[in-house]
Amino acid sequence: MTKGLFITFEGADGCGKTTQIELLDKYLKENGKQTLLTREPGAKGLGTKLREILLNYDGEVSPQCESFLFLADRAQHIDCIIRPALQEGKVVLCDRHTDSTVAYQGYGRGLDLDRINMLNDIATGGLKPDLTIVFDVDVETSMQRVGKEKDRMESAGMEFFNKVRQGYLEIAKKEPERVKVINSSDTIENIHKQVMELIKEL
Ligand code: TMP
């Protein structure tokens, strides 16, 4: 049994979620909560090595291989970092998690969704977030925010990112209790207010 709260933040590259997680973390800490701010891929240790390969390797990477590397990072992250923090009663704020693999490798790369769900379940040992916030913004805006210097994943192109965006919206439709969508084209302040409303409900 976990005692803490597990909240994940999702969206296409350039959706603005990292800024929002930092704002929420600051708010929770100022209000006396113990938090863990973490991310996938590459929270620390072995994960940072996997992140380096996933984002910067410049040779061919098959979609299956890519999925397994993200899943390997997730298994390590859940076992060594997330589960222990939840058992200590912390609020875990995680920048990307299982839905990224569904959106990017499933909807984006076209891998079988049922298989990805099954592999996610193995990697997490069945642990599910209490809340997932998807930051939704049109692809043109998100690519502008990413800028010219793109990593391996960010270089996948507009068509890919349209599929990723649609993927996130489908995930939210399938699991409306867990997954909430916020329009991320608004100001940082207004988006933060919407995040706070969801957190207070939780
Ligand atoms: P970020 O930390 O800047 O969001 O970069 C992580 C990149 O990895 C981003 O492009 C999304 C991608 N990604 C996947 O494709 N699948 C996954 O399961 C995860 C966690 C991330």
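In listed order, ligands and their atoms are each counted from 1. These figures come from a predicted structure and were not determined experimentally.
- Residues of the protein with a heavy atom under 4.0 Å from ligand 1 are D13, K17, E40, P41, R51, L55, F70, R74, R96, S100, T101, Y104, Q105, M153, listed by chain and number.
- Heavy-atom minimum distance, I81 versus A43: CD1-CB, 3.9 Å.
- Looking only at side-chain heavy atoms (C-beta outward), T132 and I7 stay at 4.5 Å or farther from each other.
- No side-chain heavy atom of K49 sits under 4.5 Å from any side-chain heavy atom of L54.
- A salt bridge between K173 and E170 is present, with a side-chain N of the basic residue lying under 4.0 Å from a carboxylate O of the acidic one.
- Within the 3.5 Å criterion, the main-chain N or O of H97 finds a donor-acceptor partner in the side chain of R74.
- The line from OG1 of T101 to CG of D73 is 9.0 Å long, rounded to the nearest 0.5 Å.
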